[in-house]
Structures are given as C-alpha cells and as structure tokens.
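Residue numbering restarts at 1 for every chain, and letters A, B, ... go by the order of the sequence lines. Owing to the predicted nature of the structure, the values given are computational and were not obtained by experimental measurement.
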Protein chains: 2
Amino acid sequence: MATMHDVARLAQVSVSTVSYVLTGTRPISQATRDKVHAAMAELDYQPNAMARGLASRRSRIVGLLMPMDERGLGATETAFVTGAAAAASTAGYHLVLAPVGTTDLDDLRRLASQRMLDGAVLMEVQVEDGRVAVLQEAGVPLVLIGRTSDTAALSYVDIDFDQTVREAVDHLVGLGHTRIAYVNHSEAAIAAGYGPAVRTRDAFVARMAAHGLEPLMIAAEDSAAAGREALDAALAQAPDLTALLAMNENAVFGILGELAARGRTVPGDVSVVSMVTSPQVAELAHPALTAMTSPGSALGRIAVEALLRQLDGVTGDHHQQLLPCALEIRGSTGPPGR
Amino acid sequence: MATMHDVARLAQVSVSTVSYVLTGTRPISQATRDKVHAAMAELDYQPNAMARGLASRRSRIVGLLMPMDERGLGATETAFVTGAAAAASTAGYHLVLAPVGTTDLDDLRRLASQRMLDGAVLMEVQVEDGRVAVLQEAGVPLVLIGRTSDTAALSYVDIDFDQTVREAVDHLVGLGHTRIAYVNHSEAAIAAGYGPAVRTRDAFVARMAAHGLEPLMIAAEDSAAAGREALDAALAQAPDLTALLAMNENAVFGILGELAARGRTVPGDVSVVSMVTSPQVAELAHPALTAMTSPGSALGRIAVEALLRQLDGVTGDHHQQLLPCALEIRGSTGPPGR
DNA sequence: ATGAAAGCGCTAACAT
DNA sequence: ATGTTAGCGCTTTCAT
C-alpha cells in the first residue's frame, strides 16, 4: 500500500505538499498539483484513515446511537438508519451503528472518550435522556432525532406530532366522526417518556378538546395481539366509536384483524388512520391504510447533514426542525356508517 | 483528555507497561498492574482509538456492506443489521454501515484501501458479486451473508433455501395440495443473480419434481400491488391452484388482499405459505401467515462472529454455514377445499 | 508557493 | 518483569 511518502517521492515534492494538495488548505500551483495527482493515480494512493484521524483529530466517523431493546427496528426507524447512512456516505463520512441503550451510560461514556466519533446522531430520544449529558461532557457534537424536554442548546430533527395529530383528527372530524379513540404505544413507553407517545397523547387531547370532543385513549404494546386487546378495551369503553387513530404500526394490524373478526367493516363501520407509517406498510393492509406518512429516510438524512454542518461549520447556532407527516388517504377512512 | 503518558507518569511506570497492561500481550506483575489500573481510573483514561489503530494496524472496525437500492430494507435484512451491530459491539468492535452497491466497485475499492476496516460483512450477495474480488485484492477479510456461485475459499452464512423450500412444499403436499404456485421475487432480481430468488426457484422445481408435481412459477416485484398482479397471473395459468408459496414478504399481502377481493378464503380455498419471513410480519396478516421464519438477527450475529474469529484467529479455514428457516404453522394453511 | 520537521497517542520490537 | 525507543502515516506549525 502506497503512502504519502511514496507519492511525494514520485512527484518530486515534499510530503507536506502532497498533504496540502489533498486537504486543499493552502494554495498549490497548478503544475505541482498535476504532478501530485499523477503520482497518486500511478500508485493507486489512498490516504490512511487512521493516520489522518490521529494527526487531524478528526476521524470522519459519526455515530448513530440506537437503543437496541425489544423487537428491533420498525420500518420507520429503519428508514432513519438508511437515510443517515446514505447522507454520511455522500459526504465522505463513515457511519458507525452503535447499539447503546438509554441506560448504558457507561458504555456510551467509554465510546465517546475513545475519540473515534466526530459527532453523534441519537435515535429514540426520550423526554429525559441521559445520553445527551454524557455526550456533551465528552465534547461530542450531537443531533437528536426526537427531542428532550429542554431543547435550548440542542440540535434536533423530529416529527411534528402536533400538526400530524391535528391533521389526522381533522380528517376524521371532517368526515363526520365524533367518537374517536386513540391507540398509543404501551403504558411503559409513555411512562419512560418516549417522545412520540407522550407528544401525540397530549396533541390528541388538545385537538379533540378544540373540537369539543371527548378524547378516548388506549395504550397497546407493539404487536398485533396487543392491537386486538386494545380494540376490545376501546369498544368496552366506547361501544359507539366510529374511528380509530393508531400510533402503533404493529397494533394496527391486530385492530384490523379483530374488527374483521367482529364483523365490523373498514371503513363502513369503523375508520382507521395509522400515524407515522411508511407507505409500504400502509399498502400491506386490506383495505390499504389511510395514514400519516412519516418523513422516513429524510429525517435520518437531515440529522446527519445538520451534524456535519456543525462539525465543519463555524455556526454556533443549532438546527431545530420539525417535519410533518403527510396525510395520505387510502381505503381505511370514510364517513361514519348509517 | 488523559493520554497514556499521563497514566504512565502517575503510576510511575513506562508507557509501554501501560500499553501492555491494556493489551495483555506480555506478563505484568500484579502490583504494577494494580498501580496502572488505579492511575487509569483516577484519570478516567480511555485509549485513543485512532492512535491505537494507526500503531497496531487494526482499527477494530468492521464494515457492513449493503446495497441501498430500491425501497430500503425489509424486516429480514433489518434483523441482519441489528444482529451484526450487537455482535460487533459485544466483541468491542465497531460496525460501520457502508451503503455500497454491487456496482459501486470503485467506491468500494476506495473504502477498502483506506485501511479503516479490519474486515467486512457483505449483505445481499449476488451469485456473481464483484465486491468479493475487490475486497480480496485489497486484502480485506470478508464474510458473506449469502453465497456466490464459487464459495471455495470464502466464508459465508446463508439461509438453507433447499431445506426451507423442501419443508414448505412438503407441508403443503402433506395437507393434500398438488396445484402449488411459487411467487418469487422479480424477473430482474432473478436475472441479476439474486441468490434467494435463484436458489428457491431451483429448489422449488426440484422438490415439486420429487413429488411428481408440476411447478408453477410467477415473478413479482416487491410490493402489494405486484402481489395482486401475481395472483392474477397465477390464476390465469392455473385456475385450479389451491396453494401458494411466496418468497416475497411484500407481495404476499397483495396476494391476500386480492384473494379476499375475489371471494376466495384463506385457507379454505387457497393456502398460503410465506417464505423467509419474520414472525412480526407473519402476525400482521389476517389470518396470520404460516411461514418459514427466517433466522433473522442470528445470521448477522454469526457472520460478524465468524469474521472476528478470522481476524484474531490463526485458523485459515473458512466458516461455511447454512441456517434453515423454521416452519411455523399459523392460520393461512390447511387442507385443500372441497 | 513550497519544504523541513515536530508531533498526534499509541504499539511493538529491542533492550536489560 | 519492566524500560527505551523507533516507528505507524498523516497534519500542521514554522521556516523560507
């Protein structure tokens, strides 16, 4: 493997000249630049990432921190990951996937102190998230996908849950529904301060109140079976409900199954809106689900781009952005029956 | 940030002693070991990953190479990724997610020459996959998830498609079905030499022949809509079919929808087996799908573990392993109707 | 516009 | 069992 010395010798210049040609941090005459490039090509030269990282104190590696609990990633989270990977790659950065839980703070401290990461993107951020402080103390720039309660000095990208819930509720109310139940994530997720669960809950209550309607709410684990139980509970609580808003990609399929089992048609008897859902998943249901389509890979991409800007940039200010989910009307919603 | 020199000074030993305590590559007396550890703790010392990587020529980073075409990752591939990430993390390695397509051979060459990766795991391997030669030329150890046609000197982990198809066919034949159609991935995927598509096709033909049955085969893009068309095509080709084997997680939902739309019940009129599917996805359907459950995260984990063994190990031999999918009978299969 | 040389923080001979 | 030291391959002052 050729080194910078080899290139310098072949091009008859000094190593520093080669380095400056590479980094572009000082003017080089066209003539020498050409010589150097020719030598590089001739030798198939590629800079050694470790050496470069050590000398420059920049690894060109960013971390994607994702808690690896429970049943793995859903389609939405997977899109974050692929979006982030693509963005990093495009910018000439590397993306390391670090499975650090919200509680593995010591692991994270260790990782952050290794000086391997130029920065980090945090997924599955909780309202109170210890990882933020750990990274800040270690001096690792970070961008959140999601938000903590205090976002003052932080960069984040998140879904605009307020607007998403508002649009979903308004869609149903506009169709004439008044008895609407909201199927959230599990009680445990809500208690843990999982942002999407907490924020959509509050937004639902607020929007229903704005319409003068009573907010019915059910929590459900992320599974089809839990969805069936959730429907049971919802129907017990409000036998006359005509619409469901589901925050829970997995539960919603159980809900559809249970509705069919009980002989209730969709959307004839009950309308269903699935929140923060990917089009692919929405198409899997029958009828295809009216859904609030999540920004998907865009969130991951934007988070990485913001992080990289923060790394290069002199800009001290923070990137704070909310992206709405887009209402896509498919076959699972309609006016309330008879 | 404390360096090894700081630790050495505080512990009153030489830097090399600190280094050897860390790497354990030569005997150190208990007394000095304790002194060093105390100093490390006192200073919150963490070795600098770049410096270590440069000096040792080992980055402790492995790459996960995944083509980022089309519609992103399915549940099965996502499980590979999380399994690989967990295994790497457990072993004290880092996992970088590198979105390099099967055609981005120059990008890959660049990546491999940067000496950033100690090794690589290749996902979505095609029967003829140029990435293998590129990595071998660059001297990067690799393990495949999937197989090329010539596996002589390669390590791989793959699904045992032969056995998986055999079990699925036998399950249906055992129930009494004789008119069975196989819904594969797209023609394009087959033509490109996508292993799962090619191998299951061959296995299906072989197993049907073993039963003295005629193999009906349909190709479909990975979408619900394509699944509906596939069912059209299958029914046109064999109006009397009573069972479907689907290799295509997305298409199978379209198939179920179209069956329902045509008033054909599952499994009363038509039995459906979904191949290489995760339990979560199988549970989403109604009725829940009888499926060949993919090994999921185990594949990713095993691949990384084999790679790491290859890195440390003196063992020159290769890890070659096939994992079967497990038949999980749910509600979508039964004896053929009337 | 270019060169010389001092690190970056470690590992791994080569010492004893 | 421990210490000394020469690199690893770059970046970046400090020169000119």
Side-chain N or O of B:Ser56 less than 4.0 angstrom from OP1 or OP2 on D:dC8?
-> no
Enter the distance from B:Met66:CE to B:Glu77:CD here, rounded to the nearest 0.5 Å.
-> 10.5 Å
Sorted by position of nearest nucleotide on DNA chain D, 5' first, the leading residue of B:Tyr20 and A:Met1 is B:Tyr20
Side-chain contact, heavy-atom cut-off 4.5 Å: A:Leu97 with B:Val81?
-> yes
DNA chain C: 5'-most and 3'-most nucleotides touching chain A, 4.0 angstrom heavy-atom criterion = C:dA1 to C:dG9
Would you classify A:Leu54 as touching base, sugar-phosphate or nothing, given that sugar-phosphate means primed atoms plus P, OP1 and OP2, and contacts are heavy atoms under 4.0 Å?
-> base
With a non-hydrogen cut-off below 4.0 angstrom, is B:Thr23 in contact with a base, only sugar-phosphate, or nothing?
-> sugar-phosphate
Compare side-chain N and O positions of B:Ser29 against OP1 and OP2 of D:dT2 and report whether any pair is under 4.0 Å apart.
-> yes
Do any side-chain nitrogens or oxygens of A:Ser19 fall under 4.0 Å of OP1 or OP2 in D:dT11?
-> yes
Report the distance from atom NE2 of B:His5 to atom P of D:dG3, rounded to the nearest whole Å.
-> 13 Å
Whole-Å distance between D:dG9 C1' and B:Gln114 CD?
-> 14 Å
Among the nucleotides D:dT11, D:dT5, D:dC8, whichever has the atom closest to the side chain of A:Met4 is D:dT11
Is a side-chain donor-acceptor pair under 3.5 Å present for A:Ser155 with A:Gln310?
-> yes
B:Gln114: which of A:Gln46, A:His94, A:Arg52 passes side chain to side chain donor-acceptor pair (under 3.5 Å) | A:His94
Salt bridge or not for B:Arg309 and B:Asp317, using N-O below 4.0 Å?
-> no
Is the phosphate of D:dC8, meaning OP1 or OP2, less than 4.0 Å from a side-chain N or O of B:Arg57?
-> no
Can you check the A:Leu22 CG to D:dT11 C1' distance for me, whole Å?
-> 11 Å
Walking DNA chain D from its 5' end, the first of B:Ala31 and A:Thr17 to be reached, judged by nearest nucleotide, is B:Ala31
Strictly by modelled atom types, are B:Ser19 and B:Ser16 linked by a side-chain donor-acceptor pair under 3.5 Å?
-> no
Distance col, row A:Thr148:OG1 vs A:Leu154:CG, nearest 0.5 angstrom, shows 5.0 Å
Go through D:dG3, D:dT2, D:dC10 for me and flag the one nearest to the A:Thr3 side chain.
-> D:dC10
Mind checking B:Thr32 for me? I need base, sugar-phosphate or nothing, with any heavy atom below 4.0 Å counting as a touch.
-> sugar-phosphate
A:Arg26 CZ to D:dC14 P, straight-line distance once rounded to whole Å = 13 Å
